[in-house]
Amino acid sequence: MKLATWNVNSLKVRLPQVIAWLDANPVDALCLQELKLPQEKFPAEALAELGYKASWAGQKTYNGVAVLSREVGTDVQVNLPNFEDPQQRVIAVTLPSAVGDIRVISAYCPNGQAVGSDKYAYKLAWFAALHDWLREEMQRYPRLAILGDYNVAPADADVHDPAKWAGDVLVSEPEREAFQRLLSLGLTDAFRLFEQEEKSFSWWDYRQFAFRRNAGLRIDHVLLSASLVPHCAACIIDKAPRRNEQPSDHTPVVATLDFKGVS
DNA sequence: ATGGTCGTCTCACGA
């Protein structure tokens, strides 16, 4: 079973790239973030033609999340139930697997803009609510995977130039603590289960030839509950879509779960 | 050197 996440920065602009990527990289579920389109503009038909069902939470201009899946997602939950918020940042669905139902969540965590700003305070409050909700969600769904754009680089190894970024939004200590609190619920960063190339990133700023210089951050993550970790056979960042013309500033992260042999 | 580039009902703002 393959689970992937991709912040597409406008599904309207990126739909042809999403279709091309899915053609080349069939997955069981693809979590999308930053759809930037209203609920009624979601391209469900084009994705259905590819064989993907979809659950989505749209919002005009900003945010918006979806889960595309081979099997229909059930028990769809939109947004954090414990956090009143007009911004569409979370969608959770239940998918069948060889070992039983898996809860798959697509999350677009707030960016935070700048340390000390109102948006930064909102980010930390949002993470606290995510934490509290996940604790309950993991009790209900012991097999849980939450994928998305966390807008947090968990460690200096996830930052191209830690000295330059020190203390800034996306790497500041309170944000990293908020991320670690999610892990303390019993979630594991799938990417770090495996040996990885140094300077592996999932996002590069559009400016200053950042991708060409590999001046990026690893802020897109796949977190797995403990019962899924033994099944995780691989987790990779696919840099290829970042080389496309008119790319998203993020590139997909893909986790492979193997249910053969291990129960 | 506080710049730069995207996407959005663009001449501003969020990322």
Side-chain angles (χ1 to χ4, degrees), chain A residues 5-21 31-43 46 56-66 79 83 85-91 106-127 130 147-154 158-172 174-176 178-179 201-221 237-253:
Chain A
T5 181
W6 192 4
N7 178 326
V8 290
N9 186 18
S10 169
L11 185 56
K12 182 184 170 187
V13 171
R14 233 65 70 190
L15 181 62
Q17 294 181 42
V18 171
I19 290 170
W21 189 80
C31 297
L32 299 175
Q33 300 86 37
E34 283 207 271
L35 306 180
K36 292 188 171 180
L37 44 76
Q39 188 71 5
E40 65 275 14
K41 293 282 178 63
F42 187 86
W56 68 95
Q59 181 186 333
K60 197 177 85 164
T61 309
Y62 301 116
N63 308 310
V65 285
N79 283 337
F83 192 81
D85 191 357
Q87 303 187 31
Q88 305 295 296
R89 295 185 175 278
V90 172
I91 189 164
S106 179
Y108 176 46
C109 307
N111 171 281
Q113 195 172 57
V115 174
S117 67
D118 289 350
K119 292 191 176 69
Y120 184 79
Y122 162 77
K123 179 177 192 173
L124 295 181
W126 190 94
F127 264 94
L130 175 66
L147 301 87
D149 175 3
Y150 289 77
N151 270 311
V152 176
D158 304 310
V159 181
H160 71 97
D161 186 344
K164 184 184 162 190
W165 277 82
D168 282 359
V169 74
L170 310 186
V171 312
S172 76
E175 293 166 88
R176 286 178 166 175
F179 184 82
F201 307 125
S202 65
W203 168 84
W204 300 262
D205 198 293
Y206 283 121
R207 294 167 284 191
Q208 296 182 300
F209 306 102
F211 182 63
R212 215 170 69 181
R213 298 187 293 115
N214 197 31
L217 302 176
R218 191 176 69 93
I219 56 176
D220 300 271
H221 309 298
I237 294 173
D238 181 3
K239 286 173 78 171
R242 191 61 177 79
R243 299 187 192 100
N244 290 346
E245 276 188 49
Q246 231 187 338
S248 169
D249 45 354
H250 297 252
T251 210
V253 184

Within this structure, what is the [atom1]-to-[atom2] distance between [X] and [N], rounded to whole angstrom?
{"X": "A/Asp118", "N": "B/dG14", "atom1": "CG", "atom2": "P", "answer": "11 Å"}
{"X": "A/Asp220", "N": "B/dA15", "atom1": "CG", "atom2": "C1'", "answer": "13 Å"}
{"X": "A/Gln59", "N": "B/dG7", "atom1": "CD", "atom2": "P", "answer": "18 Å"}
{"X": "A/Leu11", "N": "B/dT8", "atom1": "CG", "atom2": "C1'", "answer": "14 Å"}
{"X": "A/Arg14", "N": "B/dA15", "atom1": "CZ", "atom2": "C1'", "answer": "12 Å"}
{"X": "A/Asp149", "N": "B/dG14", "atom1": "CG", "atom2": "C1'", "answer": "13 Å"}
{"X": "A/Lys123", "N": "B/dA15", "atom1": "NZ", "atom2": "C1'", "answer": "11 Å"}
{"X": "A/Tyr122", "N": "B/dA15", "atom1": "OH", "atom2": "C1'", "answer": "14 Å"}

* Residue A/Ser10, side-chain atoms from C-beta onward, closest of B/dA15, B/dG7, B/dC9 -> B/dG7
* To do: Taking only the side-chain heavy atoms of A/Tyr206 (C-beta and beyond), determine which of B/dA15, B/dT5, B/dG14 contains the nearest atom.
  => B/dT5
Please measure how far the [atom1] atom in [N] lies from the corresponding atom in [M], and state the result in whole Å.
{"N": "B/dC13", "M": "B/dC9", "atom1": "C1'", "value": "14 Å"}
{"N": "B/dT8", "M": "B/dG3", "atom1": "P", "value": "25 Å"}
{"N": "B/dT2", "M": "B/dG7", "atom1": "P", "value": "26 Å"}
{"N": "B/dC6", "M": "B/dA1", "atom1": "C1'", "value": "22 Å"}

* **Any A/Leu124 side-chain heavy atom under 4.5 Å of A/Tyr120 side chain** => yes
* Asked: Side chains of A/Leu130 and A/Arg89: does their closest heavy-atom pair fall under 4.5 Å?
  ->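 SC-SC contact between A/Leu130 and A/Arg89 ruled out.
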For [N], does OP1 or OP2 lie under 4.0 Å from any side-chain N or O of [X]?
{"X": "A/Arg207", "N": "B/dA15", "result": "no"}
{"X": "A/Gln246", "N": "B/dG7", "result": "yes"}
{"X": "A/Thr61", "N": "B/dG14", "result": "no"}

* To do: May I ask you to decide if A/Asp238's main-chain N or O and A/Thr251's side chain share a donor-acceptor pair within less than 3.5 Å?
  =>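 Yes: the side chain of A/Thr251 pairs with the backbone of A/Asp238.
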* Asked: Going by atom types alone, do A/Asn7 and A/Glu34 pair a side-chain donor with an acceptor below 3.5 Å?
  -> yes
* Asked: Do A/Asn244 and A/Gln17 have a side chain donor and acceptor closer than 3.5 Å?
  ->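 Yes.
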* So what does A/Phe211 hit on the nucleic acid, given a heavy-atom distance under 4.0 Å: a base, only sugar-phosphate, or nothing? -> nothing
* Identify, between A/Asn9 and A/Lys119, the residue whose nearest nucleotide on DNA chain B lies closer to the 5' end. => A/Asn9
